[in-house]
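Values reported hereafter were calculated over all heavy atoms of this structure, with side chains retained and with hydrogens, waters and symmetry mates removed. Note that ligands are numbered from 1 as they come in the structure, with each ligand's atoms numbered from 1 the same way.
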Amino acid sequence: MPTLPSLLPNWIGGQQTLAASNESFDKLKPHDGTSYCRVTRSGQPEIDAAVAAARAAQVAWADTPAVKRGEILHEIVLRMKAATDEIARVVADETGKSFKDAKGETGGAIQLGLFYASEGQRLYGRTTTSGTPYKYAMTVRQPIGVAGLIIAANTPIANVAWKVFPALICGNAVVLKAAEDTPATSWLFAKLAHEAGLPAGVLNVVQGLGSEAGAALVAHPQVGVVSFTGSTAVGKLIHQQVGARLARLSLELGGKNALVVCDDADLDRAVTWSLLSAFSNAGQRCAAGSRFIIFESVYDRFKELLLKRTAQLKVGPADTDDLGPVINERQLNNMVRSVSQAVEGGGCLLSGGGRLNDEAHAKGFYMSPTLLEGIDPQAEISCRELFGPVAILYKVRDFDEALALTNNSPYGLTACIHTKNFHRATRFCEKVQTGVAVVNAGTFGSEPHMPFGGTKLSGNGSREPGTEALNIYSELKDIYLNIDPAQL
Ligand code: NAD
């Protein structure tokens, strides 16, 4: 078991510090509702101090050759590898997910770190021809300065890695506002980075609430790039604030992702992927599948199989369980309310629908895996992300109707189709209005070297991770070299 401070501090300028106000908040364990630790409640003074520390450290960090920066990031990756179990234990305790899932997530974060560590050798610009004689034209990547990073709690170590590694390899210094529901993962990552030799002040972690520390970071005039993963509602607010000062902004927001089951799909596999899409990580994925769009000719068979397998799901925090609790009681209550409003509005509850109140679950924040049908595609619950284990079944006549319904959403993050028909699969990928399209698998799943992101209310067009994230965290500079100054 990792030893955590009982009052979790910030990391500012290489030091662990507490908020000047001396205030703190409680972080609860989602699987039993007991206190995990207290967390220092930072605000404007701590954000000011973290940004100042980052600005001071960034100059030397930017002057460190990118290859060397990559070597230091690689050292962090090695520390993460050595501490895999420790990180996974913290992730599991903070989120309520199983240790096995937390370990898988930690492995993903390590892969991501490895990818960006190597990018130190590949921070390519472009050299090209010039329209003028005796001239070379080229581009180079330069850091922006201070990166303000704000993350959600659903996959905490992956979310940290997803933003911190690309920001650092580009030569920025970072102020990371930890998610208030997973403060210890960010704290532990900063500790490992510190031990790995990352210079003090290059990575600062500030603990606190979104409306306090988060808002102060977003508004800080010396934060040149803000990268945010979270809800669309908060993303819109941040867009206004960051846009007003024309700073760089990446928004990775919510989704209401569709999984289409065609009449020629392998129904057993489609059910397996539907269950994973809707319920793994307790449905707390931006890429979770929450709309199942099924051809009418296979609707009843698919529904029967899905209900049978949903009834077999095991809910709890153990490695043998299929899904754990949701992150906090507020989220749980919001979901329960939305489902009961949908049922009052005429929707049919097929499974679950409420909090699990039996002895094994009552103290934790457990939502029963929930399936609904008979809901209007325009109803509130069809159009708003719930971020939990809740999915709705819709019946459609054919491919065209399935595609239209998939696209009939305010969000555009991911979509998946199950079919054996090549033309349907390729047409779906071409016409679906999402940033990610998948054939014969789940609505979720991204790789470190691939760009992830969405259209419409799912983002602002930015893509992370992959080499595409380098465009968020670096500025391109055009350089022209006159190779013969004697020539005019
Ligand atoms: P949230 O928007 O409430 O909070 C996310 C983060 O923003 C937290 O760290 C919070 O402290 C901070 N925050 C809140 N208000 C803020 C403000 N006014 N200014 C600055 N920061 C503020 O979201 P959540 O409920 O914690 O997370 C779930 C959401 O995240 C879902 O919508 C999910 O789809 C989304 N998400 C998106 C991706 C993606 O890559 N697209 C990945 C994971 C999660």
Suppose I only count heavy atoms of [X] and a 4.0 Å limit; which atoms of ligand 1 are within that range?
X: I150; value: 6 (C), 7 (O), 9 (O), 12 (C), 20 (C), 21 (N)
X: A152; value: 27 (O), 30 (O), 44 (C)
X: G214; value: 19 (N), 20 (C), 21 (N)
X: G254; value: 32 (O), 34 (O)
X: A179; value: 9 (O)

Sorted by first residue and then second, give each side-chain hydrogen bond (donor to acceptor under 3.5 Å, both in side chains) pair with at least one member in residues 283-294; sequence neighbours left out.
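Sorted result for residues 283-294: S280-R285.
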Tell me, which pairs form a side-chain hydrogen bond (donor to acceptor under 3.5 Å, both in side chains) where one or both residues lie in residues 252-261, sequence neighbours left out?
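Residue pairs passing side-chain hydrogen bond (donor to acceptor under 3.5 Å, both in side chains), neighbours aside: N257-T414.
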Going by distance only, is there an N or O of [X] that falls short of 3.5 Å from an N or O of ligand 1?
X: S231; answer: yes
X: E180; answer: yes
X: A153; answer: no
X: K177; answer: yes
X: E385; answer: yes

For [atom], what's the nearest protein heavy atom and its distance?
atom: atom 35 (C) of ligand 1; result: G230 O, 3.2 Å
atom: atom 36 (N) of ligand 1; result: C286 CB, 3.6 Å
atom: atom 17 (C) of ligand 1; result: G210 O, 3.4 Å
atom: atom 25 (O) of ligand 1; result: Q331 OE1, 4.4 Å
atom: atom 33 (C) of ligand 1; result: F387 CE1, 3.2 Å

Does the plane of the ring in [X] sit parallel, tilted or perpendicular to the ring in [Y]? Use 30° and 60° as the thresholds.
X: Y366; Y: H361; answer: perpendicular
X: F189; Y: F165; answer: perpendicular
X: H449; Y: F115; answer: tilted

Can you find a non-hydrogen atom of W162 under 4.0 Å from ligand 1?
no
Could you state the interatomic distance from OG1 (T40) to CD (Q16), rounded to the nearest 0.5 Å?
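Here the interatomic distance stands at 11.5 Å.
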Look up atom CG in D319 and atom OG in S98, then write down how far apart they are to the nearest 0.5 Å.
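That separation rounds to 5.0 Å.
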If the threshold is 4.0 Å, N to carboxylate O, is there a salt bridge linking [X] and [Y]?
X: K97; Y: E105; value: yes
X: E464; Y: K163; value: yes
X: D93; Y: R89; value: yes
X: E475; Y: R141; value: no

For ligand 1, the portion of I151 having any non-hydrogen atom under 4.0 Å away
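Contact part for I151 vs ligand 1: backbone (N, CA, C, O).
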Just to be sure I read this right, does ligand 1 sit under 4.0 Å from the backbone of L253, its side chain, both, or neither, counting only heavy atoms?
backbone
Tell me, do N154 and N159 make a side-chain contact under 4.5 Å, heavy atoms counted?
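They are in side-chain contact.
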Minimum distance, heavy atoms only, to atom 7 (O) of ligand 1: which one of Y411, F228, F452 is it?
F228
Would you confirm whether any non-hydrogen atom of the protein falls under 4.0 Å from atom 40 (O) of ligand 1?
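It does: a protein heavy atom is found less than 4.0 Å away from atom 40 (O) of ligand 1.
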